[in-house]
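To find a chain, count down the sequence lines: A is the first, B the second, and so on, and within it residues start at 1.
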Amino acid sequence: MRGNTIRLAAALVLLVAASAWAAASLWLSLEKDGIHDPRSPAIAILQQPAEALEPLPRDTAGNMVNWVKAIDSGAINPRTNVLPETVVRLREDDIIVSKFGSMPAVKFPHRAHTLWLDCANCHERLFKSKIGANRLSMMAILNGEQCGLCHGAVAFPLTECNRCHSVPNASLRAPRPVP
Amino acid sequence: MRRALLLLALAAAFAPAVPLAEYGDVVLDKRSTPNGVRPVVFPHWFHRIRFRCKVCHQELGFAMRAGANDVLMADILDGKFCGMCHNDRIAWGADRCDLCHSGKPGVPAGIVGGAQTSGPGRW
């Protein structure tokens with residue numbers, strides 16, 4: 001009897017957690033999102049998140065949209081500039097940082113970042129453009145500084161550790177010379 | 001039974017909260033409420049489908065920090081900030097007050113998109 005009760009309770013716990021998770025993964029409509037005034041005349045005119053985001057490549061966090069894939073797949077092609085004289089800059093190299101720590105090293109892809117951002121958004125104030133010149137700190141990042149200026153606010157959130165910490169440290173060590 | 005109730009209560013306490021607003025939504029209210037209009041809701045998701053970050057954060061000069069930009073209607077009408085596009089040519093013009101000033105009265109300013117880290121000290 002007691003065993004049955006526990007089993008039932010466990011099932012209910014799973015059900016509650018699953019339904020909460022499912023609810024969290026949906027896009028709320030504007031009138032229910034807690035920040036729009038449901039009585040505003042804008043509600044009937046503005047585009048709803050579900051309508052705009054549903055056709056885009058899925059992700060598991062943030063807007064539930066893989067925004068880099070959205071550009072790469074051609075699903076969207078956001079404008080790169082509004083001023084005709086603006087030089088659109090793209091850089092394609094990867095930088096490996098935070099090597100040999102307790103976490104896998106971080107691969108910073110310039111391409112995914114310059115697809116969206118200009119060099120000057122990060123350089124030289126936020127990050128120096130010199131390998132080794134930046135003291136990165138997870139504490140600062142969690143505090144909305146450095147990478148955390150965007151990651152956790154508009155870019156994929158800081159719960160996605162392994163998307164940045166993606167390079168096994170072992171793969172960075174020089175191979176042992178063959179005896 | 002008591003244990004079942006306890007487990008249920010625990011589940012309710014630790015279940016992920018349903019996020020309010022879309023990830024990256026910004027409420028701007030430096031000047032709206034004091035001037036008797038609704039706060040502005042800026043949806044990042046809507047804009048980034050159409051423009052890359054660099055357009056607003058480089059060409060238009062919006063600082064990448066909620067609260068760091070002092071956006072005046074006079075500047076917008078002058079073609080600065082939002083007014084670079086919201087001019088009836090690229091997007092609706094500044095005469096469509098309600099479309100941007102659509103926030104719930106009293107909603108606090110800042111990024112409110114339910115960052116899944118439950119929030120750092122400062123955005």
Side-chain angles (χ1 to χ4, degrees), chain A residues 5-6 8-10 12-13 16-17 19-21 23-24 27-28 30 33-38 40-43 45-47 49 52-53 56 61-65 67 70 76 78-83 86 88 115-118 120-121 141-145 148-150 152-154 157-159, chain B residues 1 3-8 10-12 14-25 27 38-39 41 43-55 57-60 64-66 84-85 90 98-105 107 111-117 119-123:
Chain A
T5 312
I6 291 169
L8 179 70
L12 279 172
V13 166
V16 168
S19 61
W21 183 83
W27 303 283
L28 291 175
L30 299 177
D33 70 2
I35 58 169
H36 283 91
D37 186 347
S40 163
I43 296 294
I45 300 167
L46 297 177
Q47 188 178 30
L53 304 179
L56 304 183
N63 297 118
M64 309 309 253
V65 170
W67 287 104
I76 58 170
R79 285 174 71 160
T80 53
N81 55 306
V82 290
L83 303 173
T86 300
V88 180
L115 213 50
W116 291 98
L117 292 156
D118 184 67
N121 287 127
I141 293 169
L142 284 160
N143 228 359
E145 309 288 342
L149 193 61
C150 299
V154 292
L158 302 170
T159 42
Chain B
M1 195 58 207
R3 190 186 296 196
L5 284 174
L6 182 70
L7 279 172
L8 266 184
L10 276 174
F14 289 102
V18 174
L20 292 181
E22 193 46 51
Y23 189 71
D25 278 355
V27 174
R38 292 184 177 96
V41 177
H44 264 110
W45 61 267
F46 180 93
H47 287 84
R48 70 184 295 183
I49 290 174
R50 294 149 178 92
F51 298 91
R52 303 188 196 220
C53 321
K54 50 180 124 185
V55 172
H57 291 297
Q58 192 55 33
E59 292 188 295
L60 273 69
M64 297 192 290
R65 175 74 72 195
M84 189 110 124
C85 294
I90 297 178
D98 281 333
L99 295 186
C100 302
H101 290 274
S102 59
K104 201 185 255 184
V107 74
I111 293 212
V112 283
Q116 293 175 12
T117 43
R122 173 174 177 241
W123 283 131

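- Only the side chain of B/Arg38 comes within less than 4.5 Å of a heavy atom of chain A; its backbone N, CA, C and O stay farther away.
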Run the side chain to side chain contact (heavy atoms under 4.5 Å, CB included) test on A/Leu83 and B/Met84 for me, step by step, so that the C-alpha distance in whole Å, both residues' side-chain angles and the decisive distance to 0.1 Å come before the verdict.
CA-CA 10 Å; A/Leu83 303 173; B/Met84 189 110 124; 3.9 Å; yes
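- No donor-acceptor pair closer than 3.5 Å links the side chain of B/Asp98 to the backbone N or O of A/Ala42.
- Checking side-chain atoms of A/Arg79 against main-chain N and O of B/Val55 turns up no donor-acceptor pair under 3.5 Å.
- B/Glu59 contributes no side-chain N or O that, together with a main-chain N or O of A/Thr86, makes up a donor-acceptor pair within less than 3.5 Å.
- In terms of heavy-atom pairs under 4.5 Å with chain B, the best-connected choice from A/Ile45, A/Ile43, A/Leu30, A/Asn121 is A/Asn121.
- Both the backbone and the side chain of B/His57 have a heavy atom closer than 4.5 Å to some heavy atom of chain A.
- To the nearest 0.5 Å, atoms OG (B/Ser102) and CD1 (A/Ile35) are separated by 8.0 Å.
- The most heavy-atom pairs under 4.5 Å with chain A, out of B/Arg50, B/Arg48, B/His47, come from B/Arg48.
- For B/Glu22 against A/Pro49, the heavy-atom pair with the smallest separation is OE1-CB, 4.2 Å.
- Every residue two or more places apart in sequence or in another chain that forms a side-chain contact (heavy atoms from CB on, under 4.5 Å) with A/Ala52 is listed here: A/Gln47, B/Trp45, B/Ile49.
- Across A/Gly144 and B/Arg65, no two heavy atoms sit closer than the pair O-NH1, 3.1 Å.
- Going from atom CG of A/Leu115 over to atom CZ of B/Arg52 covers 5.5 Å, rounded to the nearest 0.5 Å.
- Of the two parts of B/Phe46, only the side chain, counted from C-beta on, holds a non-hydrogen atom closer than 4.5 Å to a non-hydrogen atom of chain A.
- Separating the CG atom in A/Leu117 from the NZ atom in B/Lys54 is a distance of 7.5 Å, to the nearest 0.5 Å.
- There is no contact between B/Cys100 and chain A, counting heavy-atom distances below 4.5 Å.
- Within the 4.5 Å cutoff, no side-chain heavy atoms of A/Ser40 are placed close to those of B/Lys104.
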Trace of the side chain to side chain contact (heavy atoms under 4.5 Å, CB included) decision for B/Phe51 with A/Val82:
CA-CA 9 Å; B/Phe51 298 91; A/Val82 290; 3.8 Å; yes
